[in-house]
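Contents: one structure, followed by commentary.
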There are 2 protein chains.
Amino acid sequence: MSKLQRILSHAEQQCQINGSRLTDKRKKVLSGLLQSDRALSAYELVDYCNETYDENFAAMSVYRILEFLEQEQLVHKLNLANRYVACGHITCDHQHEVPQFLICTDCQSVKEFSISRSTLGSIKRQVEQANFHLVSEQIELNCLCKSCAAA
Amino acid sequence: MSKLQRILSHAEQQCQINGSRLTDKRKKVLSGLLQSDRALSAYELVDYCNETYDENFAAMSVYRILEFLEQEQLVHKLNLANRYVACGHITCDHQHEVPQFLICTDCQSVKEFSISRSTLGSIKRQVEQANFHLVSEQIELNCLCKSCAAA
DNA sequence: CTCTGTTATGTTACATCACAACATAATCAA
DNA sequence: TTGATTATGTTGTGATGTAACATAACAGAG
């Protein structure tokens, strides 16, 4: 059983537990993200699925499927790049911290990482001092990955 | 001389120093942002200018003008919201720190603020440990402002 | 002042993005 | 089997962002 297969079936089980279904189409979209080493836009996923599976995904469907996968915490939406990535921890069973993301502005590769609690805490404190309130701890940072920085 | 006037003429001087020109149209776009208490999209600015000045700005022009104003550091583009704000420090003469932004996801009001050097430093360190390199210290955070949080 | 290169703006056309609204199909539960 | 719920198909549209080319305004050299 390939790694991809394992992740997919794990995701399927998670959905069952949540009373939702990981349908064929949803699996295909998720696979697309899992097999990509970078963040993909909705329309890139449309193309990917149509080419790879010889299907006919409409953009609308992909948007809906992405929304679903997000709810199930199987993918993350990167607001800074308007792109999507598979969650890096699908096969983990524990509850995760809210992730932060490093996005390479050149090649769109993404690293899901965690800022230390204390740093996050001081960010939150400073935000509150400014009379705002953090909506989400999902912080996204524009970066260059190592190889793009070298070039 | 109104506050707006002062800011505009100061901006104009800055442009002259940089060997660029703050034309009439560019002034109008900048005024739009200066007078707004929230971040505006390019098309909102198109409408604003056309209504306020009875002109006929094309979207294309506004995009170009915004690009110019950004280069001159008179406005900032908020990638997270696809919107623009006037720089909060146009009239300051000293070099600024790179700003961070708190964006109210409800009303689009924006606060330009600065994370402490030490917090910023620890973010940068953690990013480097992850083998990425921060492209910009302009960090944008999705927030709720005080009044929207209350509602 | 005129010529010329540069910069700014006008205009048209188009590609992309995101989703609303409604129709049909598949699935589940009783 | 039937009715309710969920998933997908289909059509259309508003918003976004920009390329490509045309014209106009301006600044400096002669």
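Lettering of chains follows the sequences in order, A, B, ..., and the numbering in each one begins at 1. A quick note: this is a predicted structure, and the numbers were derived from the prediction, not measured.
Taking a heavy-atom distance under 4.0 Å as the criterion, the stretch of DNA chain C touched by chain A extends 5' to 3' from C:dC17 to C:dT27.
Contact annotation: the side chain of A:Leu22 approaches that of A:Leu69 to within less than 4.5 Å [non-hydrogen atoms, C-beta and beyond]. Using a 4.5 Å heavy-atom cutoff, the side chains of B:Arg83 and B:Ser41 are in contact. Between A:Arg38 and A:Glu44, the closest side-chain pair of non-hydrogen atoms falls below 4.5 Å. Annotation: side chain of B:Leu74 is not in contact with side chain of B:Arg26 (no heavy-atom distance under 4.5 Å). Looking at B:Asn131 and A:Leu102, their side chains never come closer than 4.5 Å, going by heavy atoms from C-beta outward.
Of all the residues in residues 20-33 of chain B, B:Arg21, B:Thr23, B:Lys25, B:Arg26 reach under 4.0 Å from DNA chain C with at least one non-hydrogen atom.
Ranked by how close their nearest DNA chain C nucleotide is to the 5' end, A:Ala59 and B:Ala58 are led by B:Ala58.
Applying the 6.0 Å contact sphere to CD of A:Glu67 captures no more than 12 heavy atoms from other residues, nucleotides or ligands.
B:Ile123 and A:Val127 fall within a single hydrophobic cluster, where Ile, Leu, Val, Met, Phe, Trp and Tyr are joined by side-chain heavy atoms under 4.5 Å apart, directly or via other members.
Within the structure, every pair that satisfies the ring pair (Phe, Tyr, Trp, His ring centres under 6.0 Å) test and touches residues 56-87 of chain B, not counting sequence neighbours, is listed here: B:His76-B:Phe101.
Contact annotation for A:Asn56: no contact, since no heavy-atom pair falls under 4.0 Å across all strands.
Interface remark: the B:Tyr43 side chain does not form any donor-acceptor pair with the D:dG14 base, using a distance-only criterion of under 3.5 Å.
Between B:Leu45 atom CG and D:dT16 atom P there is a gap of 11 Å when expressed in whole angstrom units.
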